[in-house]
Protein chains: 2
Amino acid sequence: MNLRQDVHTAGIPVLCQACEARHRGVCGALDSDQLVALAKASSKQTIEPGAELVGDMETVDHYSNVLAGVVKLTKTLSDGRQQIVGLQFAPDFLGRPFKTESAVNAEAATNVSLCSFPKAAIERMMKQSPELENRLLRQTLKELDEARDWMLTLGRKTASEKVASFLLLIANHIDPTLDEGEEKVTFDLPLTRADIADFLGLTIETVSRQFTKLRADGVISIENNRHVTVARRERLEARAGR
Amino acid sequence: MNLRQDVHTAGIPVLCQACEARHRGVCGALDSDQLVALAKASSKQTIEPGAELVGDMETVDHYSNVLAGVVKLTKTLSDGRQQIVGLQFAPDFLGRPFKTESAVNAEAATNVSLCSFPKAAIERMMKQSPELENRLLRQTLKELDEARDWMLTLGRKTASEKVASFLLLIANHIDPTLDEGEEKVTFDLPLTRADIADFLGLTIETVSRQFTKLRADGVISIENNRHVTVARRERLEARAGR
DNA sequence: GGCGCCAATTGACCTGGATCAAGAACCAGA
DNA sequence: TCTGGTTCTTGATCCAGGTCAATTGGCGCC
C-alpha cells in the first residue's frame with residue numbers, strides 16, 4: 001500500500017507502474033512518451049469514506065485509477081431507495097468513456113487513493129493507442145460479467161445466500177492470490193451494514209440477522225463489526241448457491 | 001425485415017449493411033477488403049423460439065449479429081432458479097471476446113435471425129481494425145449501463161414497478177423512433193410470462209396479477225396474451241419509478 | 001365440433017423479509 | 001473515564017409476494 005504511494009509521490013513519470021503490476025490498469029498500454037505526458041496531467045488524491053467522487057448526472061471531466069480502497073457505484077430512486085450497482089477495487093478504472101454524464105454515483109466506501117487524469121488527455125491517447133482501448137474493453141467486459149453475476153444474486157437468491165455470496169466476493173477480492181484452496185480467510189469489511197444492504201437489495205436488519213446466524217453456526221466470526229474471519233470457507237460456498 | 005434477409009441471400013459482399021444502417025453493428029467498422037473476407041466466412045441462420053444458441057460453460061467458436069428477433073441471456077442456479085441477465089435486440093452483437101467459455105446461456109425468445117462469423121475471423125480483424133474494437137467497446141459499455149439499470153430494478157423496485165419498467169423497456173426497444181412523445185404505443189411481447197418473471201425476479205403468478213391490475217386501471221390492454229396496447233404511457237412511467 | 005395441451009389467470013393461504021421499536025456495542029472527543 | 005452520537009443487534013409484528021391448487025382461454029389436430 002505504501003509502495004503505491006511512493007510511486008506517485010516520487011514525482012517520476014513511471015506513473016501507474018503499480019496498476020500495471022496488477023495487470024489491469026490502463027497505463028501499461030502506453031509508450032514512454034505518452035506516459036510522460038500523462039504524468040504531467042495526472043494527480044494523485046486521497047479521499048475520505050463517504051466522499052462523493054462523481055455525482056449522478058454530473059458532467060465528468062476526469063477519469064481515475066483506483067490505487068487503494070473501495071469505491072461504490074450507486075443508483076438511487078427519487079424516493080431514496082438505493083442500490084449499489086458495482087464495487088471498484090484497485091486497480092480498477094473509474095469513468096465512462098464516450099459519455100459526458102455519469103449514470104451512476106461514485107462514492108468512497110473506505111479511504112480511497114486515486115490517480116486521476118483529465119478526460120481529454122485519456123481520450124486523445126485512446127485514439128493513438130489501440131492497446132489502451134483494448135484494455136478498456138477488457139475491463140468493461142469484466143465489469144459486465146460481474147454485473148450479470150450479481151443480477152442472478154439480486155433476482156433469485158434468498159437473503160442468506162445473498163449474504164454468503166457477498167462475503168465470498170469480498171474475500172476473493174481482498175487477496176486474490178489465495179483464491180482457491182485456503183479454508184480460513186480473514187479480512188476487514190470495506191462496507192457498513194447499510195452499504196451491504198444496498199448492495200444486496202435487503203435491509204440492514206436482515207443483513208445483521210444473517211450475520212448473527214452465520215456466527216451462531218460457526219461459519220464466521222466478527223470482531224469490532226468489521227474484522228471478519230471465515231472459519232470454513234467451504235460452508236460459506238455451500239450457502240452461496242451455485 | 002425482408003430487406004435484411006435480401007442483403008444476405010443475395011450473396012453479395014455487402015454483408016451487414018443492415019447492421020450498419022442501425023449504427024451499432026460491428027461490420028460497418030471494416031473496409032471493403034475485410035468485408036469480402038468476412039462475407040465468405042459468415043453464414044445467416046434462422047432460429048426457432050426456445051432454441052439454445054450458446055450453452056453456459058460451452059466453448060464458443062463463433063460470434064453473431066442479431067438481425068431480427070430477441071435473444072435472452074440467462075443464468076441458472078443448480079436447483080433450477082433462473083434469471084434473465086440481458087435481452088439482445090437487433091442489431092446487437094452476441095459473444096464474449098477474450099474468453100473461450102460463455103458465462104451465460106443464450107436462447108432465442110422469438111424467431112431470431114442471425115448472421116454469424118467464426119471467432120477466429122473476428123479476432124483477426126479486431127487486431128487489424130481499431131475501429132472494430134471501438135465499436136465493441138461502445139456496445140459493451142451500453143450493455144453495462146443497461147445491466148446496472150436493471151440491478152436497481154431487481155434490487156429495489158416493487159413487483160408493480162418492475163412490470164411497468166419492463167413494459168417501458170420493451171416499448172422503447174420495439175420502435176426507438178417514437179421514443180419520447182407518443183402517448184399511445186402498441187407492440188407484441190417478445191417474452192412469455194415465464195420469461196418475464198425470470199427477467200424481473202418474480203413468479204409468473206405475480207406478473208400475471210400485475211398485468212391484470214394494469215388492465216383494470218386502464219393503463220394497458222392485451223389481446224391474445226401477446227399484443228399489448230399502452231393506453232397512457234405517462235401513467236406507466238409514473239408506476240415504473242424514477 | 002370436440003379433445004388435449006400448454007399458457008395464463010385467479011383464488012386461498014403461507015412465509016421470508018420489511019417495518020417499527022427498543023437496546024447494546026462502538027468510538028471519538030473532552 | 002464519562003458522554004453523546006452513530007452503528008449494529010434483537011425482538012415483535014406486518015404484508016408483499018411466493019406457493020399451491022383450480023379454472024380459464026387459446027390453438028392445433030383429429
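Throughout, a chain's letter reflects where its sequence line sits, starting with A, and its residues are numbered from 1. Computed over heavy atoms, backbone and side chain alike; hydrogens, waters and symmetry mates excluded.
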| said: If the threshold is 4.0 Å, N to carboxylate O, is there a salt bridge linking E146(B) and K142(B)? | reply: yes
Per the under-4.0 Å heavy-atom filter, residues of residues 75-88 of chain B near DNA chain C come out as none
Across all chains, not counting sequence neighbours, the side-chain contact (heavy atoms from CB on, under 4.5 Å) partners of N225(A) are R193(A)
Is there a side-chain contact between K44(B) and L67(B) in this structure, where contact means two heavy atoms from C-beta onward sitting under 4.5 Å apart? yes
What one should report as the nearest heavy-atom pair of I170(B) and P190(B) is CG2-CD, 3.8 Å
Taken to the nearest whole Å, CZ/F211(B) to P/dG25(D) is 19 Å
To the nearest angstrom, the CD1-P distance between I204(B) and dC20(D) comes to 13 Å
Notebook entry, point to check: Would you find more than 12 non-hydrogen atoms of other residues, nucleotides or ligands less than 6.0 Å from E48(A) atom CD?
Noted result: no
Ordered by number, residues from residues 212-220 of chain B within less than 4.0 Å of DNA chain C (heavy atoms) are T212(B), R215(B)
Show me, pair by pair, the donor-acceptor contacts under 3.5 angstrom made by side chains of residues 155-163 of chain B, not counting sequence neighbours?
residue	atom	partner	partner atom	Å
R156(B)	NE	Q82(A)	O	2.7
R156(B)	NH1	L202(A)	O	3.1
R156(B)	NH2	A197(A)	O	3.0
R156(B)	NH2	D198(A)	OD1	3.0
R156(B)	NH2	L202(A)	O	2.9
K157(B)	NZ	S165(B)	OG	3.1
K157(B)	NZ	A240(B)	O	3.0
T158(B)	OG1	E161(B)	N	3.3
T158(B)	OG1	E161(B)	OE1	3.3
E161(B)	OE1	R81(A)	NH1	2.8
E161(B)	OE1	R81(A)	NH2	3.4
E161(B)	OE1	T158(B)	N	2.9
E161(B)	OE2	R81(A)	NH2	2.8
K162(B)	NZ	L200(B)	O	3.0

In B/S/- notation (B base, S sugar-phosphate only, - none; protein heavy atoms under 4.0 Å), nucleotides 11-27 of chain C written 5' to 3' is BB----SSBB-----S-
Quick note, ring pair (Phe, Tyr, Trp, His ring centres under 6.0 Å) partners involving residues 218-240 of chain B, not counting sequence neighbours, are none
Per-pair distances, 0.1 Å, donor-acceptor, side chain in residues 210-224 of chain A, under 3.5 Å, sequence neighbours excluded:
residue	atom	partner	partner atom	Å
T212(A)	OG1	S208(A)	O	3.0
D217(A)	OD2	R239(A)	NH1	3.3
D217(A)	OD2	R239(A)	NH2	3.0

Rounded to whole Å, the CG-P distance (L189(A) to dC8(D)) equals 9 Å
Is there a donor-acceptor pair under 3.5 Å between the side chain of E183(A) and the backbone N or O of E234(A)?
yes
Applying side-chain contact (heavy atoms from CB on, under 4.5 Å) to D195(B) and not counting sequence neighbours gives K72(B), I84(B), L191(B), T192(B)
Residues passing the side-chain contact (heavy atoms from CB on, under 4.5 Å) test with E52(B), sequence neighbours excluded, are E58(B), N105(B)
Rounded to whole Å, the CG-C1' distance (D195(A) to dC8(D)) equals 14 Å
Atom CG of L154(B) and atom C1' of dG17(D) are separated, to the nearest Å, by 15 Å
Across all chains, not counting sequence neighbours, the side-chain contact (heavy atoms from CB on, under 4.5 Å) partners of T140(B) are L137(A), T140(A), L141(A), L144(A)
With five pairs defining each end axis, the helix from dG1(C)-dC30(D) to dA30(C)-dT1(D) comes out bent, to 10°, by 30°
I222(B) CD1 to dT9(C) P, in whole Å, measures 6 Å
From CG of D188(B) across to C1' of dA7(C) the rounded distance in Å is 16 Å
Here the ring pair (Phe, Tyr, Trp, His ring centres under 6.0 Å) pairs for residues 53-75 of chain B, sequence neighbours left out, are Y63(B)-F93(B)
